[in-house]
Asks: 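This structure is in structure tokens; I'll ask about it shortly.
Hydrogens, waters and symmetry mates play no part in the numbers below; they use all other heavy atoms, side chains included. Each chain gets a letter, A, B and so on, in the order the sequences are listed, and its residues count up from 1.
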Amino acid sequence: MTTVNVPAGWPATEEEARAVQDELRAEVVLDEPGPQPGTGHVTGVDVAYDDARDIVAAAAVVLDAASLDVVAEATAVGRISFPYIPGLLAFREIPTVLAALEALPCPPGLVVCDGYGLAHPRRFGLAAHLGVLTGLPTFGVAKNPFAFTYDDPDAPRGSSSPLLAGGDEVGRALRTRAGVKPVFVSVGHRVGLDGACAHTLALTPRFRLPETTRRADSLCRRALQEATIRQRPTSASAES
DNA sequence: GCGACAG
DNA sequence: ATCTTGTCGC
């Protein structure tokens with residue numbers, strides 16, 4: 001596991017953060033179809049917090065896209081770099097996520113984020129932001145519709161409906177399990193929406209959420225626990 | 001104007 | 001996100 005500090009010059013206010021989004025938004029690439037589902041590497045990233053101790057832990061888990069077997073993993077911990085403000089989630093997660101990705105022993109391939117890409121008030125959510133900073137293909141899978149609207153997709157797995165911001169389709173509500181609440185897929189960088197949905201279905205053979213986010217979620221929680229224990233030793237850790 | 005709102 | 005044990009069900 002690696003340790004990171006908040007980058008110098010990292011936005012400190014909402015105004016600065018929004019300005020960064022408005023500037024970087026122009027760098028997003030939307031005209032690439034992206035990698036073929038079921039080939040290469042697919043990497044899940046996720047973050048866990050301990051606000052009271054000002055600690056954030058990120059995890060990156062690389063899966064073989066065909067077998068969904070774990071190929072590699074890495075974690076990073078740091079100080080919380082930004083408060084949670086809807087629309088500015090990326091500034092809270094990105095420094096530690098970048099460190100985890102850089103600690104991987106192999107190329108991440110396609111990166112799946114926990115959150116949104118273009119489905120965002122300024123069309124520049126976490127997945128788009130991470131894609132621009134790394135140059136990697138990225139998309140987001142969120143558990144909630146945020147402030148967007150959608151019609152409930154048909155019950156069968158694979159059904160979908162547009163996720164709408166006003167009149168624009170900014171993503172898709174995708175049913176990954178028959179009759180279960182859909183997930184909300186949106187493009188980040190260098191991947192098309194059809195491809196992102198195909199990848200999401202390939203990553204959900206058994207559960208509503210993609211294996212990438214499930215694996216990254218459990219790993220970053222474990223990393224947070226270990227970081228917390230190191231900071232404030234318990235009797236159990238002191239004995240061994 | 002106020003509240004809601006990814007994690 | 002997080003607070004949180006056992007328990008119901010495939």
Side-chain angles (χ1 to χ4, degrees), chain A residues 11 14 17-18 20-21 24-25 28 44-61 75-98 100 111-132 138-150 157 163-166 168-174 176-189 193 196 200 204-210 212-225 227-229:
Chain A
E14 296 185 41
R18 279 194 290 266
V20 169
Q21 292 181 331
L24 292 183
R25 180 170 67 179
V28 175
V45 293
D46 194 19
V47 167
Y49 303 96
D50 185 332
D51 282 274
R53 297 196 178 86
D54 189 31
I55 293 178
V56 53
V61 180
T75 59
V77 299
R79 297 307 203 62
I80 295 177
S81 53
F82 209 80
Y84 172 65
I85 299 170
L88 300 177
L89 176 65
F91 296 93
R92 188 169 165 80
E93 308 214 329
I94 276 185
T96 324
V97 167
L98 282 178
V111 177
V112 183
C113 298
D114 205 347
Y116 285 120
L118 294 195
H120 179 274
R122 287 167 294 282
R123 303 293 181 272
F124 196 68
L126 170 64
H129 200 147
L130 187 64
V132 165
T138 61
F139 69 92
V141 179
K143 299 181 276 301
N144 297 292
F146 199 16
F148 304 101
T149 60
Y150 68 101
R157 162 176 154 87
L163 187 64
L164 300 172
D168 306 332
E169 180 180 34
V170 295
R172 218 166 268 167
L174 177 65
T176 56
R177 307 301 304 159
V180 175
K181 176 179 176 173
V183 298
F184 304 90
V185 179
S186 65
V187 156
H189 185 61
L193 186 53
T200 302
T204 50
R206 180 144 170 72
F207 300 103
R208 178 172 87 111
L209 297 179
T212 38
T213 68
R214 289 169 44 79
R215 289 250 150 73
D217 179 77
S218 69
L219 181 56
C220 71
R221 290 189 198 219
R222 275 177 277 152
L224 180 64
Q225 283 308 310
T228 298
I229 289 171

Asks: Starting the side chain at C-beta, find the nucleotide from B:dC5, C:dA1, B:dG7 nearest to A:R92.
Replies: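 Per side-chain heavy atoms of A:R92, the pick is B:dG7.
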
Asks: Decide, applying a 5.5 Å centre-distance limit and a 30° plane-angle limit (both strict), whether A:Y84 stacks on C:dA1.
Replies: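 It does not: the two rings, one from A:Y84 and one from C:dA1, miss the stacking criterion.
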
Asks: Checking side-chain contact (heavy atoms from CB on, under 4.5 Å) for the pair A:V141/A:C113: CA distance, chi angles, key distance, verdict?
Replies: CA-CA 6 Å; A:V141 179; A:C113 298; over 6 Å; no

Asks: Could you check how far CZ of A:F91 sits from P of C:dA1, rounded to whole Å?
Replies: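 Distance, rounded to whole Å: 21 Å.
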
Asks: Rounded to the Å, how far apart are A:Y49 OH and C:dT2 P?
Replies: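 The answer, rounded to whole Å, is 9 Å.
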
Asks: Looking across every strand, which nucleic acid part, if any, lies under 4.0 Å from A:L126 by heavy atom: base, sugar-phosphate, or nothing?
Replies: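 The answer is base, as A:L126 lies within the cut-off (heavy atoms under 4.0 Å) of a base atom.
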
Asks: May I ask you to evaluate whether A:K143 reaches the phosphate of B:dG7, defined as a side-chain N or O under 4.0 Å from OP1 or OP2?
Replies: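 Answer yes for this pair, as a side-chain N or O of A:K143 is under 4.0 Å from OP1 or OP2.
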
Asks: Name the closest nucleotide to the A:A142 side chain, picking from B:dC5, C:dA1, B:dG7.
Replies: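 Looking only at heavy atoms from C-beta outward on A:A142, the closest nucleotide is B:dG7.
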
Asks: Provide, to the nearest angstrom, the distance between the OH atom belonging to A:Y150 and the P atom belonging to B:dC5.
Replies: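 It works out to 13 Å between those atoms.
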
Asks: Closest-nucleotide mapping onto DNA chain C: is A:R206 or A:D46 further toward the 5' terminus? I mean the 5' end.
Replies: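 Closest to the 5' end, via its nearest nucleotide, is A:D46.
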
Asks: Distance-only, no hydrogens or angles: does the A:D54 side chain make a donor-acceptor pair with backbone N or O of A:R79 under 3.5 Å?
Replies: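 No: the side chain of A:D54 does not pair with the backbone of A:R79.
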
Asks: So what does A:G140 hit on the nucleic acid, given a heavy-atom distance under 4.0 Å: a base, only sugar-phosphate, or nothing?
Replies: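 No contact at all - A:G140 keeps every heavy atom at 4.0 Å or more from the nucleic acid.
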
Asks: Over 60° means perpendicular and under 30° means parallel, so tell me whether A:F82 and A:F91 are parallel, tilted or perpendicular.
Replies: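 Aromatic pair A:F82/A:F91 classed tilted.
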
Asks: Where the side chain of A:E93 is concerned, which of B:dC5, B:dG7, C:dT2 is the nearest nucleotide?
Replies: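 For the A:E93 side chain, the nearest candidate turns out to be B:dG7.
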
Asks: Whole-Å distance between C:dC3 P and A:R53 CZ?
Replies: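 Taking atom P of C:dC3 as the reference, CZ of A:R53 is at 10 Å.
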
Asks: Separation of A:R177 atom CZ from C:dC10 atom C1', in whole Å?
Replies: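 So the CZ-C1' distance, A:R177 to C:dC10, works out to 12 Å.
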
Asks: Classify A:L163 by what it touches in the nucleic acid, base, sugar-phosphate, or nothing, heavy-atom distance under 4.0 Å.
Replies: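 Nothing, no nucleic acid heavy atom in range.
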
Asks: Do the side chains of A:D46 and A:R215 get close enough for a salt bridge, i.e. N-O under 4.0 angstrom?
Replies: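 No, no charged N to carboxylate O under 4.0 Å.
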
Asks: Phosphate oxygens OP1/OP2 of B:dC5: is one of them under 4.0 Å from a side-chain N or O of A:N144?
Replies: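 For B:dC5, neither OP1 nor OP2 has a side-chain N or O of A:N144 closer than 4.0 Å.
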
Asks: Is a salt bridge present between A:R214 and A:D114, judged by a nitrogen-to-oxygen distance below 4.0 Å?
Replies: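 The answer is no: the pair does not qualify as a salt bridge.
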
Asks: Reckon A:R221 has a side-chain N or O less than 4.0 Å from the OP1 or OP2 of C:dA1?
Replies: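 Affirmative; the distance criterion is met.
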
Asks: Hey, which of A:Y116, A:F146, A:F148 is the one that makes side-chain contact (heavy atoms from CB on, under 4.5 Å) with A:F184?
Replies: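 Between A:F184 and the candidates, side-chain contact (heavy atoms from CB on, under 4.5 Å) is satisfied uniquely by A:Y116.
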
Asks: Can you check the A:D51 CG to C:dC3 C1' distance for me, whole Å?
Replies: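 Between C1' of C:dC3 and CG of A:D51: 13 Å.
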
Asks: Starting the side chain at C-beta, find the nucleotide from C:dT2, B:dC5, B:dG7 nearest to A:L89.
Replies: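 Out of C:dT2, B:dC5, B:dG7, the nucleotide with an atom closest to A:L89's side chain is B:dG7.
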
Asks: Counting the atoms with a prime plus P, OP1 and OP2 as sugar-phosphate, which does A:A48 contact under 4.0 Å by heavy atoms, base, sugar-phosphate, or nothing?
Replies: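 Sugar-phosphate, backbone atoms only, no base.
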
Asks: Rounding to a whole Å, what distance do you find between A:I80:CD1 and C:dA1:C1'?
Replies: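 Distance, rounded to whole Å: 10 Å.
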
Asks: Rounded to whole Å, how long is the line connecting atom CZ of A:F124 with atom P of B:dA6?
Replies: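 Computing the A:F124:CZ to B:dA6:P distance gives 19 Å.
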
